[in-house]
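The figures that follow rest on heavy atoms only: side chains count, while hydrogens, waters and symmetry mates do not. One is the number of the first residue; the rest follow in order along the sequence.
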Amino acid sequence: MIIEILNKKGLKTGRKIKFNYNFIYNNINIKTKKHLIYLEIKRFLAAQRQGSHQTKVRSQIQGSNKKIQKQKGSGNARKGDRKNPLFVGGGRIFGPVKRKYNLKLNKKIKKLAIKSLFYEKFINKKIKIIASFPLKEISTKKLIKLLKGLNIFKKKILFITNKRDKKLYFSSRNLKNVKIINIINGINSYDIAKAYYLIIKENSIKYLENMLNKS
């Protein structure tokens, strides 16, 4: 698996990088791969939910327990106290309660899903490796110039770096179609699947390979 390295102007540098074959390939059939990706993305999105929603049931409403009217003789239906769920301001029947939406998946499935997505991006030529381009200052204009040089400015882009890059992050913050993730905090299937192009810094490849090839 060989990809040419580009410079910040989008031109070929004449250098190439060879991926470890096990880095983006696994011998699994297509249906299984798609299901693994589905499970991992489902797990990731579920983990983003707070689960802090809650409504008060009848026993949690403050108020009098006195019966509103007598049981018989009024000509109306039987009524309890004001905390009855049928009244405005009463408790709620079967309302949402606090819960965790986390789904459990083993590490092997997570990595297989990420490897499968990398493989698809590679086959479709959606991965671009660029030489190191340290930004001397926070500049959205310079980042836009870089993306235009790569001819991918209007596409959804995911930058993968080996460490936190504050200047790159703040330069991209106003660009809706650009997202920065670093290997230290961990990459995820959702961001990879959502991006049209992956831009990986040359000095990040070894870190990425080590992370995905760990048992």
Side-chain angles (χ1 to χ4, degrees), residues 1-25 37 40-41 43-45 47-48 107 110-215:
M1 300 293 183
I2 299 173
I3 300 180
E4 291 186 346
I5 299 173
L6 307 175
N7 60 21
K8 61 182 181 181
K9 294 182 180 180
L11 302 175
K12 296 178 181 179
T13 60
R15 294 183 292 116
K16 298 180 180 180
I17 191 163
K18 186 177 181 181
F19 281 99
N20 182 348
Y21 191 69
N22 293 326
F23 169 51
I24 55 175
Y25 179 78
I37 293 169
E40 170 55 14
I41 291 177
R43 180 207 65 79
F44 177 80
L45 293 177
Q48 309 308 306
K107 291 181 181 179
K110 295 177 186 179
K111 287 185 179 179
L112 284 175
I114 291 174
K115 284 185 177 183
S116 299
L117 285 168
F118 268 113
Y119 185 71
E120 286 183 11
K121 297 289 185 186
F122 180 83
I123 293 299
N124 295 317
K125 298 182 179 179
K126 303 300 182 185
I127 296 178
K128 293 187 180 292
I129 309 296
I130 56 172
S132 181
F133 62 100
L135 293 173
K136 295 180 180 179
E137 58 183 353
I138 297 170
S139 175
T140 304
K141 287 183 179 179
K142 289 183 179 179
L143 185 58
I144 291 174
K145 187 177 180 181
L146 168 69
L147 298 177
K148 285 183 176 179
L150 296 171
N151 198 27
I152 58 173
F153 176 60
K154 294 183 179 180
K155 302 292 184 180
K156 281 192 174 293
I157 300 157
L158 180 66
F159 270 93
I160 299 177
T161 62
N162 62 321
K163 59 182 179 179
R164 294 177 182 177
D165 191 334
K166 288 185 178 180
K167 290 179 181 178
L168 180 60
Y169 169 74
F170 285 113
S171 297
S172 67
R173 195 164 55 168
N174 289 332
L175 301 176
K176 293 182 179 179
N177 61 324
V178 179
K179 185 169 183 179
I180 314 293
I181 61 172
N182 62 74
I183 301 167
I184 295 174
N185 291 338
I187 56 178
N188 60 81
S189 295
Y190 177 73
D191 285 332
I192 296 172
K194 192 176 179 182
Y196 193 82
Y197 280 103
L198 301 182
I199 298 180
I200 308 174
K201 283 188 175 184
E202 183 184 0
N203 57 4
S204 302
I205 297 297
K206 288 183 180 179
Y207 294 93
L208 196 58
E209 283 185 333
N210 290 337
M211 189 199 74
L212 293 179
N213 289 328
K214 274 185 180 179
S215 56

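- No donor-acceptor distance shorter than 3.5 angstrom exists from the side chain of Asn7 to the backbone of Ala131, with no hydrogens or angles considered.
- By the 4.0 Å N-to-carboxylate-O rule, Lys206 lies too far from Glu209 to be salt-bridged with it.
- Rounding to the nearest 0.5 angstrom, the gap separating the NZ atom in Lys111 from the CE atom in Met211 is 7.0 Å.
- For Lys110 against Glu40, the heavy-atom pair with the smallest separation is CG-OE1, 3.2 Å.
- Annotation for Lys145: atom NZ does not count as buried by contact number, only 12 or fewer foreign heavy atoms lying within 6.0 Å.
- Interatomic distance, CG of Leu175 versus OG1 of Thr140, reported as 5.5 Å (0.5 Å rounding).
- To the nearest 0.5 Å, atoms NZ (Lys167) and CD1 (Ile180) are separated by 15.0 Å.
- When all heavy atoms of Ile127 and Phe122 are compared, the pair lying nearest together is CD1-N, 3.9 Å.
- With a 6.0 Å radius and a threshold of 12 heavy atoms from other residues, nucleotides or ligands, Tyr169 has its OH atom at or below the threshold.
- Of all the heavy atoms in Phe118 and Ile192, the pair that sits closest is CE1-CD1, 3.8 Å.
- A 6.0 Å sphere centred on CG of Asn210 holds more than 12 heavy atoms belonging to other residues, nucleotides or ligands.
- Residues Ser204 and Asn162 approach most closely at OG-N, 2.9 Å, considering heavy atoms.
- Looking at residues two or more places apart in sequence or on another chain, you find no ring-ring contact (aromatic ring centres under 6.0 Å, His included) involving Tyr197.
- The line from CD1 of Ile152 to CD1 of Ile157 is 4.0 Å long, rounded to the nearest 0.5 Å.
- Other residues, nucleotides and ligands place more than 12 heavy atoms under 6.0 Å from the CZ atom of Phe44.
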